[in-house]
Amino acid sequence: MAEKVYGDLLKIYETGKSLGYQREELDEWVAKIIRQNEERDTRMEERKEKAKVEEEERKQRAKVEEEERKQRAKVEEEKAKVEEEERKQRAKVEERKMAMQEEEMRFKWKLEEDQVAAKIKRDDEESKAKIAAIEKESKAKDVEEQENRDTRKRNTPQTKRQKFVEGTDKMDAFINRFEMLMKLEKEPQHEWAIQLLSLVGGKALDALQVLSDDEVANYAILKKTLLDFYQYSEDDYRQKFHELKP
């Protein structure tokens with residue numbers, strides 16, 4: 001280090017001599033150059049020190065910023081964890097809420113189904129009760145009507161019901177007389193077929209063999225079959241019937 005300084009000083013002197021400086025002027029010039037060099041070195045050292053301080057400050061700022069970044073990241077991470085936990089808790093609450101709503105709806109539906117079933121059952125029981133009451137009333141009326149008919153029969157002189165005589169009676173006149181007798185005795189029309197069957201025989205009964213049980217029980221079919229068998233149309237029968245009326 002000393003050798004370098006000494007060498008630099010010699011160079012300055014030689015430079016001063018080459019510039020024409022002598023003795024005192026040379027010493028002043030050399031001193032001036034040395035001061036300038038020292039000032040330059042001082043400035044350089046100051047700049048270096050300043051740069052060093054600035055670099056240290058930059059590193060410190062960078063360190064602080066890194067710490068702050070890490071702290072913010074940590075805070076954000078904690079915040080994200082808290083938010084995720086809150087989201088999970090809200091999801092659980094919503095899930096329980098939905099489950100409770102579904103259970104409530106199922107209970108409501110079951111209650112409504114039970115109410116509808118109970119109403120249907122009540123309506124069915126009421127309907128059955130009404131039908132039973134109607135049937136009971138109808139049976140009572142049938143019994144009363146039958147009793148009234150029996151009473152009327154007992155109190156009304158019974159007309160002898162003559163059977164149809166093949167070759168002697170005419171079927172249209174016979175049926176006309178039969179219907180007047182049924183009306184006179186107020187026999188229910190659904191019993192006319194049975195009554196008429198009890199009064200015919202022979203060929204007339206043979207003509208009815210083609211009929212089914214349901215058709216035999218139908219007075220209108222029974223009457224038409226007998227009239228057709230004895231070659232009377234319904235119109236002929238009506239005409240004869242009106243002619244016989246007074």
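We're numbering straight along the sequence, starting at 1.
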Next item on the list: Following the transitive rule for hydrophobic clusters with a side-chain heavy-atom cut-off under 4.5 Å over Ile, Leu, Val, Met, Phe, Trp and Tyr, establish whether Val216 and Val210 coincide in one cluster.
Entry: yes

Margin query: So, taking the atom named CG in Leu211 and the one named CD in Gln209, what distance separates them when rounded to the nearest 0.5 Å?
Written below: 8.5 Å

Next item on the list: Can you measure from OG1 (Thr225) to CG (Leu208) and round to the nearest 0.5 angstrom?
Entry: 6.5 Å

In residues 29-40, what donor-acceptor pairs under 3.5 Å come from side-chain atoms, sequence neighbours left out?
{"unit_1": "Asn37", "atom_1": "ND2", "unit_2": "Ile33", "atom_2": "O", "d": "3.4"}

Item checked: Partners meeting side chain to side chain donor-acceptor pair (under 3.5 Å) with Glu84 (sequence neighbours left out) -> Arg87

Check: Checking side-chain contact (heavy atoms from CB on, under 4.5 Å) against Glu187, which of Glu185, Gln189, His190 comes through?
Finding: Glu185

Check: Taking all non-hydrogen atoms of both residues, which atom of Ala204 and which atom of Leu226 are closest, and how far apart?
Finding: O-CD2, 3.7 Å

Check: Taking all atoms of both residues into account, what is the closest heavy-atom pair of Ala193 and Ala217, and its distance?
Finding: CB-O, 3.6 Å

Notebook entry, point to check: Which residue pairs satisfy the ring pair (Phe, Tyr, Trp, His ring centres under 6.0 Å) criterion with at least one member in residues 33-81, sequence neighbours excluded?
Noted result: none

Next item on the list: Could you walk me through whether Gln195 and Trp192 pass the side-chain contact (heavy atoms from CB on, under 4.5 Å) test, one step at a time?
Entry: CA-CA 5 Å; Gln195 297 293 339; Trp192 287 16; 5.6 Å; no

Notebook entry, point to check: To the nearest 0.5 Å, how far apart are OG in Ser212 and CD1 in Ile221?
Noted result: 7.0 Å

Note to self: Return the NZ to CD distance between Lys110 and Gln115, rounded to the nearest 0.5 Å.
What the structure shows: 11.0 Å

Notebook entry, point to check: Can you list the residues that meet the side chain to side chain contact (heavy atoms under 4.5 Å, CB included) rule with Asp206, with sequence neighbours excluded?
Noted result: none

Note to self: Restricting to side chain to side chain donor-acceptor pair (under 3.5 Å), what partner residues turn up for Glu166, sequence neighbours left out?
What the structure shows: Tyr230

Checklist line | Point-to-point distance, once rounded to the nearest 0.5 Å, from CZ of Arg177 to CG of Asp172 | finding: 11.5 Å

Run the side-chain donor-acceptor check on residues 89-109: report pairs under 3.5 Å with partners two or more places apart or on a different chain.
{"unit_1": "Gln89", "atom_1": "NE2", "unit_2": "Glu85", "atom_2": "OE2", "d": "3.3"}
{"unit_1": "Glu103", "atom_1": "OE1", "unit_2": "Arg106", "atom_2": "NH2", "d": "2.7"}

Item checked: Derivation of the side-chain contact (heavy atoms from CB on, under 4.5 Å) call for Tyr219 and Glu179 -> CA-CA 11 Å; Tyr219 175 74; Glu179 289 183 352; 2.7 Å; yes

Item checked: Pairwise side-chain contact, Phe174 with Leu196, heavy-atom cut-off 4.5 Å (strictly under) -> yes

Next item on the list: Would you check, one step at a time, whether the test side-chain contact (heavy atoms from CB on, under 4.5 Å) holds for Leu199 with Gln162?
Entry: CA-CA 7 Å; Leu199 300 177; Gln162 296 180 353; over 6 Å; no

Notebook entry, point to check: Can you tell me how far the CG atom of Leu26 sits from the CD atom of Glu24, to the nearest 0.5 Å?
Noted result: 11.0 Å

Checklist line | Contact check, side chains of Lys223 and Ile175, non-hydrogen atoms, under 4.5 Å | finding: yes

Notebook entry, point to check: Taking it one step at a time, do Phe164 and Phe178 satisfy side-chain contact (heavy atoms from CB on, under 4.5 Å)?
Noted result: CA-CA 10 Å; Phe164 177 75; Phe178 171 79; over 6 Å; no

Next item on the list: Look at the side-chain heavy atoms of Ile, Leu, Val, Met, Phe, Trp and Tyr, link any pair under 4.5 Å apart, and say whether Ile194 and Met182 land in one connected group.
Entry: no

